[in-house]
There are 2 protein chains.
Amino acid sequence: MKYGRAASSGPECGVERTLTVIGGKWTTLVLRELLAGTRRYSDLKRALGRVSPKTLTERLRHLEAEGLLTRTVHAEVPPRVEYTLTPHGESLGEIIAAMGRWGAAHRPAGATAEAERA
Amino acid sequence: MKYGRAASSGPECGVERTLTVIGGKWTTLVLRELLAGTRRYSDLKRALGRVSPKTLTERLRHLEAEGLLTRTVHAEVPPRVEYTLTPHGESLGEIIAAMGRWGAAHRPAGATAEAERA
DNA sequence: CGGAATCCCATGGGATACTG
DNA sequence: CAGTATCCCATGGGATTCCG
């Protein structure tokens, strides 16, 4: 998801920077899962359902590179690897929460505003 | 960006539904632009910078299909087409705003938390 | 258990040219 | 002006198999 410099309303717009970090379906979903607490690789895999190991690892590595989570390998057998959000990663909670709220309120059906009032 | 059923923490999770709507780089950027007000096709193209006409049209059609914006064709010459967010589309403002804030605060440099306190 | 390796597909997106 | 029409590429993601 490469792109040159910001060319939108505000140069160096924050939205674009955010998109390069949490762009992509699984990325966001992984974050949402980790916002609930530390998770092991297999926990994430199970929670996310139909994600391939390749994709999951890829996204986790990406998030780690961005400094959003830490990967802890426990030297035991069987191996245990845990992923935990850094404060930096937790700061994304606001965005994820907003997305969750919107998605819950604006369901395809149309029971949107009514559902909120009820 | 298709996917079966929700398999994450909460079944039918709102986050996933939101992702199917605003997933993608340009989609979000278009929304951010329109949150500032009605825009013509050429306005958007100029504001977004390096977006191809194909992509822009594609995303606009997608958003229209989702009921997030309305497309108004003015029967004049030269043609004028305006895009305006529906209330439904405007309700995404909270998410976009959160993304903007996060991106602004967590810049690569590292002047993150400090910038927020200042 | 937690991946790495490999192969393949779908889709978003880019560049360019052309038109109602 | 506001697209449409092609063609092509990059990347996210899927499925499967194998390994330390």
Side-chain angles (χ1 to χ4, degrees), chain A residues 1-8 15-16 19-31 33-34 38-66 69-84, chain B residues 1-8 15-16 19-31 33-34 38-66 69-84:
Chain A
M1 199 174 267
K2 66 172 183 309
Y3 62 86
R5 42 173 298 284
S8 17
V15 175
E16 300 182 39
L19 284 173
T20 66
V21 177
I22 64 168
K25 169 175 134 196
W26 293 117
T27 308
T28 311
L29 260 20
V30 166
L31 286 170
E33 193 61 27
L34 289 180
T38 296
R39 293 285 184 274
R40 301 177 56 168
Y41 184 87
S42 50
D43 290 334
L44 292 171
K45 191 146 178 19
R46 194 168 347 97
L48 298 186
R50 56 171 94 279
V51 65
S52 65
K54 176 197 159 193
T55 299
L56 181 53
T57 299
E58 220 173 55
R59 296 295 91 197
L60 286 170
R61 292 288 194 276
H62 168 73
L63 292 171
E64 187 185 7
E66 294 281 355
L69 59 78
T70 57
R71 175 171 178 270
T72 309
V73 183
H74 297 269
E76 32 181 84
V77 45
R80 181 162 55 100
V81 180
E82 294 185 327
Y83 294 91
T84 307
Chain B
M1 199 174 268
K2 64 171 183 307
Y3 63 87
R5 43 172 299 284
S8 18
V15 174
E16 300 182 38
L19 284 173
T20 65
V21 177
I22 65 168
K25 171 174 133 197
W26 294 116
T27 308
T28 311
L29 261 18
V30 166
L31 285 171
E33 194 61 26
L34 289 179
T38 296
R39 292 285 185 274
R40 302 177 55 168
Y41 183 88
S42 51
D43 291 334
L44 292 171
K45 191 148 178 18
R46 195 170 344 98
L48 299 185
R50 56 171 95 280
V51 66
S52 65
K54 175 197 160 193
T55 299
L56 181 53
T57 298
E58 220 172 56
R59 295 295 90 198
L60 286 170
R61 293 286 194 277
H62 169 73
L63 292 171
E64 187 185 7
E66 294 282 354
L69 60 78
T70 57
R71 176 171 177 270
T72 309
V73 182
H74 296 270
E76 33 181 82
V77 46
R80 182 162 55 101
V81 179
E82 294 185 328
Y83 294 91
T84 307

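Naming convention: chains lettered A, B, ... in sequence-line order (proteins, then strands); numbering from 1 in each chain.
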Undergrad: Nearest to the side chain of B/Pro78, heavy atoms from C-beta on, is which of D/dC1, C/dG2, D/dG12?
TA: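 Nearest to the side chain of B/Pro78 among the choices is D/dC1.
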Undergrad: For the residue pair B/Thr70 and B/Tyr83, establish whether any side-chain heavy-atom pair is separated by less than 4.5 Å.
TA: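 The answer is no; the side chains never approach within 4.5 Å.
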Undergrad: Figure out the CD/C1' separation between A/Glu76 and C/dG2, and round it to whole Å.
TA: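 My rounded result for the distance is 13 Å.
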Undergrad: Angle between the end axes of the helix from C/dC1-D/dG20 to C/dG20-D/dC1, five pairs per end, to the nearest 10 degrees?
TA: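 Rounded to the nearest 10 degrees, the bend comes out at 50°.
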Undergrad: Which residue is it: A/Val81, A/Leu69, A/Leu44, A/Thr84? I am looking for the one with a side chain to side chain contact (heavy atoms under 4.5 Å, CB included) to A/Arg39.
TA: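 Output: one option passes, namely A/Leu44.
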Undergrad: Report the distance from atom OH of B/Tyr41 to atom P of D/dC1, rounded to the nearest whole Å.
TA: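 In whole Å, D/dC1 P and B/Tyr41 OH are 12 Å from each other.
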Undergrad: Report yes or no: does B/Thr55 contribute a side-chain atom to a donor-acceptor pair with the main-chain N or O of B/Val51 at less than 3.5 Å?
TA: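 Looks like no, no N/O pair under 3.5 Å.
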Undergrad: Below 4.0 angstrom from OP1 or OP2 of C/dG14, is there any side-chain N or O of B/Thr55?
TA: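 For B/Thr55, the contact criterion (side-chain N or O under 4.0 Å from OP1 or OP2 of C/dG14) is met.
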Undergrad: Indicate whether OP1 or OP2 belonging to C/dG2 is found under 4.0 Å from a side-chain N or O atom of A/Arg80.
TA: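 No, outside the criterion.
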Undergrad: Could you run through nucleotides 15-20 of chain D and give me one letter per nucleotide, 5' to 3': B if any protein heavy atom sits under 4.0 Å from the base, S if only the sugar-phosphate is that close, - if neither?
TA: BB---B
Undergrad: Run the side chain to side chain contact (heavy atoms under 4.5 Å, CB included) test against B/Val30 and tell me which residues pass, sequence neighbours left out.
TA: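 Result, side chain to side chain contact (heavy atoms under 4.5 Å, CB included) vs B/Val30: B/Leu34, B/Leu48, B/Leu56, B/Leu60, B/Leu63.
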Undergrad: Do A/Lys54 and A/Thr57 have side chains that approach each other closer than 4.5 Å (heavy atoms only, starting at C-beta)?
TA: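 In short, these two side chains do not touch, never coming nearer than 4.5 Å.
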Undergrad: Rounding to an integer number of Å, can you tell me how far B/Leu29 CG sits from C/dG12 P?
TA: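 That distance rounds to 16 Å.
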Undergrad: I want to check something: taking the side chain as every heavy atom from C-beta on, are A/Leu29 and A/Lys25 in contact at a cut-off of under 4.5 Å?
TA: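 A side-chain contact exists here, since the closest heavy-atom pair is under 4.5 Å.
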Undergrad: Please report the closest heavy-atom contact between A/Gly23 and A/Arg59, naming both atoms and the distance.
TA: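 In terms of heavy atoms, the two residues are closest at O-NH1, 4.2 Å.
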Undergrad: Can you measure A/Leu56 atom CG to C/dA4 atom C1' for me and round it to whole angstrom units?
TA: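 The answer, rounded to whole Å, is 13 Å.
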Undergrad: Check whether any side-chain heavy atom of B/Lys45 sits under 4.5 Å from a side-chain heavy atom of B/Pro53, and report yes or no.
TA: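 Yes. Closest side-chain heavy atoms under 4.5 Å.
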Undergrad: State, yes or no, whether a side-chain contact exists between B/Arg61 and B/Glu64 at a heavy-atom distance under 4.5 Å.
TA: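 Yes, close enough: below the 4.5 Å cut-off.
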Undergrad: Examine C/dG2: is either OP1 or OP2 under 4.0 Å from a nitrogen or oxygen in the side chain of A/Arg40? Give yes or no.
TA: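 For C/dG2, OP1/OP2 do have a side-chain N/O of A/Arg40 under 4.0 Å.
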Undergrad: When you get a sec, tell me which of D/dG13, C/dG3, C/dG13 is the closest nucleotide to the side chain of B/Arg59?
TA: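 Nearest listed nucleotide: C/dG13.
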Undergrad: Please check the phosphate of C/dA4 (OP1 and OP2 only) for any side-chain N or O of A/Arg61 closer than 4.0 Å.
TA: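 For C/dA4, OP1 or OP2 has a side-chain N or O of A/Arg61 closer than 4.0 Å.
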Undergrad: Whole angstrom is fine here: how far is it from CD in A/Glu58 over to P in C/dG2?
TA: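 Answer to the nearest Å: 19 Å.
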Undergrad: For a side chain to side chain contact (heavy atoms under 4.5 Å, CB included) check, start with the C-alpha distance between B/Thr38 and B/Thr72, then their side-chain angles and the critical distance, and finish with the verdict.
TA: CA-CA 10 Å; B/Thr38 296; B/Thr72 309; over 6 Å; no
Undergrad: Roughly, in whole Å, what's the span from CG in A/Leu19 to P in C/dG13?
TA: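 Rounded to the whole Å, the gap is 10 Å.
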Undergrad: Check this one for me: any side-chain N or O of B/Tyr83 less than 4.0 Å away from OP1 or OP2 of D/dG3?
TA: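 Affirmative; the distance criterion is met.
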Undergrad: From CD of B/Glu82 over to P of D/dC1, roughly how many Å is that when rounded to an integer?
TA: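 The answer, rounded to whole Å, is 14 Å.
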Undergrad: With a cut-off of less than 4.0 Å, is there a side-chain N or O of B/Arg71 near OP1 or OP2 of D/dA2?
TA: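 No, no such contact exists.
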Undergrad: Expressed as a whole number of angstroms, how long is the span from A/Lys45:NZ to C/dG3:C1'?
TA: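 So the NZ-C1' distance, A/Lys45 to C/dG3, works out to 11 Å.
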